Amino acid sequence: MHLEKSEFPSLAAAVVRGSNIVAAGVTGVRKIGADEKVTLNDKFHIGSCTKSMTALLAVYLEQEGKIRLTNRVGDVLKDWTIPDESRDITLDLLLQNRSGLSTQAEPKLWGRAFADSGSPAAQRRRFLEGTLGEGLEAKPGTKYIYSNQGYSLAGAMLETAAGNSWEKLIEQKVFRPLDLKTGGFGPPSTSGEVDQPWGHIWKSGKADAVPPSDNPTAIAPAGAVHLSIIDAAKYAAFHLQVAQGKVPALKDYVDDLYSPPDKGEYAFGWGVSKRGWAKGKVLNHAGSNTMFFIVIWIAPEIDWACVVATNVADRRNEVAGGCDAVVAGLIAKYVQKNSK
């Protein structure tokens with residue numbers, strides 16, 4: 001696959017047709033100022049694309065009888081300090097970003113989360129009890145509010161119900177069954193080494209390398225996974241098959257996973273909309289830990305998906321725009337060209 005030149009440290013992309021990866025490529029370096037080239041096996045942080053993994057885990061645990069999507073926060077986290085207004089939030093509302101929790105955590109809570117230590121579950125509890133104590137932005141079920149805290153709370157419910165950490169559960173229920181051998185958590189690279197891509201911050205039209213770091217462990221269920229571009233494509237291919245009803249074990253959950261409530265645009269970890277080139281419904285999500293960026297598009301009606309990733313991010317959407325341009329090029333080459 002030929003990738004357009006850019007000023008990004010690296011770009012990676014893959015195209016899926018059915019259950020097969022039909023094209024994949026990478027270009028660039030792991031770190032600006034270093035010589036190490038990226039490879040197809042290198043790992044990119046997927047940020048909020050982690051959310052669909054947490055949602056998938058919830059479905060698996062319901063199938064096992066460990067939890068139900070309609071279980072309430074107060075009924076699962078029985079020994080937590082939870083205000084009355086939040087006790088009736090259900091797991092499915094958290095996964096649909098309709099819990100009423102705010103988009104941003106209070107700065108003091110965010111700062112404490114970065115400095116926290118101990119087990120991941122304990123860190124999540126301290127952060128989330130503080131978050132819940134700040135109150136809700138809306139009544140549960142009444143409004144779409146994109147919330148990392150909401151997904152972290154969903155992860156806490158899952159690990160409590162299953163008696164194992166969210167990280168271990170993702171390894172057992174998602175990475176291993178889907179053969180995502182590069183799946184892991186946190187920054188891909190070892191501190192002080194350039195053994196994997198470093199994250200970068202995009203400033204004034206150029207990328208500055210950032211020593212390996214990540215979001216707080218407390219919000220891992222909302223965005224902490226890293227994968228190679230090949231494994232990210234395999235993950236997209238799996239959801240493509242599920243959305244088409246081709247995975248028997250998940251046939252009963254297709255609507256939960258990919259159909260937003262009340263004609264909204266967000267289901268279980270996926271944005272849902274329609275595109276002409278896709279001949280109908282598309283699933284989409286972008287992810288960033290502020291140092292990496294990835295975007296996934298899945299088009300069930302035409303049996304197609306693509307993934308584009310880079311090891312740089314910004315707050316002004318310049319990086320997102322660059323990746324969207326690559327997506328547009330892939331659509332032109334692999335979808336529109338073939339439809340003529």
Side-chain angles (χ1 to χ4, degrees), residues 1 3 11-26 40-57 59-60 95 170 173-184 188 223-247 249-250 253-254 256-259 266-275 277-288 292-310 320 323-324 326-331 333-335 338:
M1 177 188 293
L3 292 174
L11 273 171
V15 174
V16 170
R17 178 74 69 182
S19 59
N20 300 312
I21 300 171
V22 297
V26 294
L40 281 174
N41 293 319
D42 276 4
K43 305 166 187 176
F44 291 81
H45 199 286
I46 70 168
S48 286
C49 291
T50 301
K51 290 180 172 66
S52 62
M53 293 186 175
T54 297
L56 185 61
L57 174 62
V59 166
Y60 286 147
L95 300 176
I170 290 292
K173 308 293 185 182
V174 180
F175 291 168
R176 291 178 195 167
L178 298 183
D179 195 33
L180 307 180
K181 291 186 173 64
T182 62
V225 167
H226 59 244
L227 294 170
S228 70
I229 195 67
I230 296 297
D231 277 353
K234 286 165 66 174
Y235 181 67
F238 172 75
H239 277 282
L240 175 60
Q241 299 294 299
V242 177
Q244 294 172 323
K246 295 179 180 178
V247 179
L250 293 174
Y253 289 91
V254 171
D256 286 318
L257 288 165
Y258 311 119
S259 296
Y266 199 90
F268 276 26
W270 293 103
V272 183
S273 57
K274 292 184 178 182
R275 293 292 188 275
W277 59 264
K279 297 183 179 178
K281 186 174 186 175
V282 291
L283 311 174
N284 163 255
H285 215 291
S288 175
F292 287 77
F293 184 86
I294 188 171
V295 62
I296 302 174
W297 285 90
I298 298 172
E301 298 301 322
I302 60 171
D303 204 24
W304 191 87
C306 75
V307 183
V308 176
T310 183
C323 290
D324 285 344
V326 176
V327 171
L330 298 176
I331 292 169
K333 180 174 181 178
Y334 292 95
V335 177
N338 292 335

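For this chain, numbers begin at 1 and follow the sequence in order. Just so we're clear, the structure is a prediction, and the values are computed from it rather than from any experiment.
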Is there a donor-acceptor pair closer than 3.5 Å between any side-chain N or O of Thr182 and the backbone N or O of Ser228? yes
Are the side chains of Arg17 and Val15 in touch, meaning some heavy atoms are under 4.5 Å apart? no
So which heavy atom on Val225 is nearest to which on Thr50, and how close? N-OG1, 3.2 Å
What one should report as the nearest heavy-atom pair of Ala13 and Leu330 is CB-CD1, 4.2 Å
What orientation do Trp277 and Trp304 show, parallel under 30°, tilted 30 to 60°, or perpendicular over 60°? perpendicular
Pairwise distance CZ(Arg275) to NZ(Lys281) - rounded to 0.5 angstrom: 13.5 Å
Here the gap from Lys43 atom NZ to Ile229 atom CD1, rounded to the nearest 0.5 Å, amounts to 14.5 Å
Kindly give the heavy-atom pair with the smallest separation between Ala243 and Val254, and that separation in Å. O-CG1, 4.0 Å
For a 4.5 angstrom cut-off between non-hydrogen side-chain atoms, does Pro300 reach Tyr258? no
Provide the closest heavy-atom pair for Gly183 versus Asp231 in the form atom of the first, atom of the second, distance. N-OD2, 4.3 Å
Which value, rounded to the nearest 0.5 Å, describes the distance between Ser52 atom OG and Leu57 atom CG? 11.5 Å
Go through it in stages, so that I can follow the logic: the residues are Lys234 and Leu178, the test is side-chain contact (heavy atoms from CB on, under 4.5 Å), and I'd like the CA-CA distance, side-chain angles, deciding distance and then a yes or no. CA-CA 8 Å; Lys234 286 165 66 174; Leu178 298 183; over 6 Å; no
Spacing of Leu227 atom CG and Ile46 atom CD1 [to the nearest 0.5 Å]: 5.0 Å
Pair Val327, Trp297 - check side-chain contact (heavy atoms from CB on, under 4.5 Å), show working. CA-CA 8 Å; Val327 171; Trp297 285 90; 3.7 Å; yes
If I take atom CZ from residue Phe292 and atom SG from residue Cys49, how far apart are they, to the nearest 0.5 angstrom? 14.0 Å
With a 3.5 Å distance limit and no angle check, can you tell me whether Ser259 reaches the backbone of Asp256 through a side-chain donor-acceptor pair? no
Testing the basics here: between Ala233 and Val16, what is the closest heavy-atom pair and its distance to 0.1 Å? O-CG2, 3.5 Å
Could you check whether any side-chain heavy atom of Val307 comes within less than 4.5 Å of a side-chain heavy atom of Tyr235, counting everything from C-beta outward? no
Only one of Thr310, Val295, Val308, Ile331 passes side chain to side chain contact (heavy atoms under 4.5 Å, CB included) with Val326, and that residue is Val308
Which heavy-atom pair separates Ser19 from Gln241 by the least distance, and what is that distance? N-NE2, 3.6 Å
Walk me through it: do Leu56 and Met53 pass the test side-chain contact (heavy atoms from CB on, under 4.5 Å)? CA-CA 5 Å; Leu56 185 61; Met53 293 186 175; 5.5 Å; no
How would you list, by chain and number, every residue that makes a side-chain hydrogen bond (donor to acceptor under 3.5 Å, both in side chains) with His285, sequence neighbours excluded? Tyr266
Please identify which of these residues, Leu11, Asn41, Leu40, meets the side chain to side chain contact (heavy atoms under 4.5 Å, CB included) condition with Val26. Leu40
Tell me which one of Leu257, Asn284, Leu283 satisfies side chain to side chain contact (heavy atoms under 4.5 Å, CB included) with Trp270. Leu283
Among residues at least two apart in sequence or on other chains, which ones pass ring-ring contact (aromatic ring centres under 6.0 Å, His included) with Phe175? Phe185
